[in-house]
Amino acid sequence: MTLALMDRKADFPILTRTINGHRLTYLDSAATSQKPRSVIAAMNRFYEETNANVLRSVHTLAEESTEAFHRARVSTAEFIGAAGSEEVVFTRGTTESLNMVARGWGDKFLKPGDEVVVSPMEHHSNLIPWQRLCQRTGARLRFIELNDDGSLAMDHARAVINERTRLAALSRISNVLGTINPIREIADLVHTVGGIMVVDGAQSVPHEPTAVAELGADFLAFSGHKMCGPTGIGVLWGRAELLDASDPVDFGGEMISYVNRESATWADLPHKFEAGTPNIAGAIGLAAAIEYLNEVGMANIAQHGRQLGETAYQRLSQLPGVAVFGPPSPRAALVAFNIDKIHPHDVAQVFDSRGVAIRAGHHCCQPLMHWLHAAATARASFYLYNQPDDIDALVDAVEATKRYFTI
Ligand code: PLP
């Protein structure tokens with residue numbers, strides 16, 4: 001197999017580790033990605049040379065820090081094709097971003113009888129905020145059902161989306177099925193009836209080129225830690241008009257324009273959504289991650305990931321006693337699977353004894369587990385630093401697990 005990317009493992013110091021006497025095979029990037037040397041160095045450099053709070057003091061460090069924080073916002077905006085950096089709100093991650101839309105936009109604009117559309121494949125982060133929003137406002141939560149292969153049933157989407165639909169919230173890429181959802185088609189349906197399209201980009205922004213306008217998104221949420229950046233930093237992008245119309249959800253320092261004893265007014269975008277001292281080092285780390293990803297090339301990363309995901313799916317599906325989930329192709333850079341009669345946690349433990357790191361569990365997708373009739377699954381997920389020998393290690397670990405449990 002000729003892959004889109006050459007071996008990049010040398011850029012990631014952690015990948016030299018030995019685990020239980022074996023070379024580390026890291027197949028858990030959908031949970032969090034590893035960090036290249038350049039990201040770690042950028043964050044160290046910030047703390048060693050520049051550290052100061054932003055948007056407050058006028059001393060040199062504070063100005064350098066403020067400038068670096070601003071540049072991070074600009075490169076994030078460019079990375080997703082935003083119209084301007086004021087449309088980029090820094091958050092803790094996808095979860096906080098989605099909650100911010102539900103509270104800031106949803107609480108203000110939804111009323112009884114309105115409808116919110118999701119799917120059964122959503123991560124809890126893109127389900128529970130909408131459940132709670134519907135409970136608070138009297139709106140109704142509706143689901144676009146799935147085809148047998150785990151893709152969205154588009155006929156059902158056309159039936160579910162109607163003039164009462166105020167908002168649809170869907171993941172571009174499922175973190176369990178590996179499905180790549182046709183967000184643009186759904187967005188067109190939603191826009192025709194006057195609703196807005198919220199996209200959970202946690203698994204897609206790290207793995208494919210993103211242009212918010214082409215995607216048809218009105219809000220997009222993603223996390224730095226899944227795209228070679230640090231934990232604790234993420235993004236809510238929104239069209240300026242929608243962010244302007246939304247209410248802030250956190251209150252305090254730096255998000256205000258004017259405060260008197262009784263009330264306050266809000267700062268301009270994006271600051272009205274960023275109360276308190278932000279994650280400055282996190283934003284700088286995210287900018288370094290974006291620089292790294294741009295250097296590797298997002299189109300290459302997308303092709304590489306899909307090649308690995310599809311190959312792993314094919315190879316696992318040929319093994320007796322192994323069930324794989326989601327569509328064979330096209331699929332994203334991950335594959336969820338189960339081995340007959342062996343609990344996924346036991347599978348993950350045998351894998352770990354061979355230095356292979358995978359995730360096992362419900363993957364924060366309990367409704368999807370019900371749909372799959374599985375309590376849990378194992379999941380191998382890939383990123384730009386994986387190569388075909390990692391798939392060999394995955395297949396060998398499955399065989400070893402079967403031998404261990406003698407099935
Ligand atoms: N949505 C999807 C599809 C995910 O895979 C994840 C994380 O696994 C999230 C949302 C939540 O991301 P975070 O925990 O970084 O907020």
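Note that ligands are numbered from 1 as they come in the structure, with each ligand's atoms numbered from 1 the same way. Just so it is clear, the values below take in all heavy atoms, side chains as well, and ignore hydrogens, waters and symmetry mates.
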Going by atom type alone, with no hydrogens or angles, which donor-acceptor pairs under 3.5 Å involve a side-chain atom of residues 388-400 and a protein atom two or more places apart or on another chain?
unit_1: Asp389; atom_1: OD2; unit_2: Arg23; atom_2: NH2; d: 3.4
unit_1: Asp390; atom_1: OD1; unit_2: Arg23; atom_2: NH1; d: 3.4
unit_1: Asp390; atom_1: OD1; unit_2: Arg23; atom_2: NH2; d: 3.2
unit_1: Asp390; atom_1: OD2; unit_2: Lys9; atom_2: NZ; d: 3.0
unit_1: Asp390; atom_1: OD2; unit_2: Asn386; atom_2: ND2; d: 3.1
unit_1: Asp390; atom_1: OD2; unit_2: Gln387; atom_2: N; d: 2.9
unit_1: Asp392; atom_1: OD1; unit_2: Arg315; atom_2: NH1; d: 2.7

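Nearest to atom 8 (O) of ligand 1 among the protein's heavy atoms is Lys226 NZ, 2.6 Å. Counting only heavy atoms of the protein, atom 5 (O) of ligand 1 lies nearest to Gln203 NE2, 2.7 Å. The protein atom (non-hydrogen) at minimum distance from atom 14 (O) of ligand 1 is Thr95 OG1, 3.7 Å.
When only interatomic distances are considered, the shortest N/O to N/O separation between Ser223 and ligand 1 falls below 3.5 Å. For a threshold of 3.5 Å applied to N or O pairs, the pair formed by Asp200 and ligand 1 contains at least one separation below that value.
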His370 vs His362, test: ring pair (Phe, Tyr, Trp, His ring centres under 6.0 Å). Steps then yes/no. CA-CA 10 Å; His370 294 149; His362 55 59; 9.7 Å; no

Decide ring pair (Phe, Tyr, Trp, His ring centres under 6.0 Å) for Tyr383 and His207; before the verdict, give the C-alpha distance in whole Å, the side-chain angles of both, and the deciding distance to 0.1 Å. CA-CA 8 Å; Tyr383 206 12; His207 287 276; 4.6 Å; yes

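Counting heavy atoms under 4.0 Å from ligand 1, residue His225 touches it through the side chain alone.
Distances from ligand 1 to the non-hydrogen atoms of Glu122 include no value under 4.0 Å.
Separation of the Phe69 and Phe90 ring centroids falls under the 6.0 Å cut-off. Aromatic rings of Trp266 and Tyr258 (six-membered ring for Trp) have centroids beyond the 6.0 Å cut-off, not under it.
Within the structure, the side chain to side chain donor-acceptor pair (under 3.5 Å) test picks out the following pairs touching residues 373-382 (sequence neighbours left out): His363-Thr377.
Within the listing of ligand 1, atoms 10 (C), 11 (C) sit less than 4.0 angstrom from a heavy atom of Ser125. If you number the atoms of ligand 1 from 1 as listed, the ones under 4.0 Å from a heavy atom of Ala202 come out as 1 (N), 2 (C), 4 (C), 6 (C), 9 (C), 10 (C).
The closest heavy-atom contact to atom 9 (C) of ligand 1, among the options His123, Arg172, Arg92, comes from His123.
Residues Arg331 and Arg306 fail the side-chain proximity criterion, which asks for heavy atoms closer than 4.5 Å.
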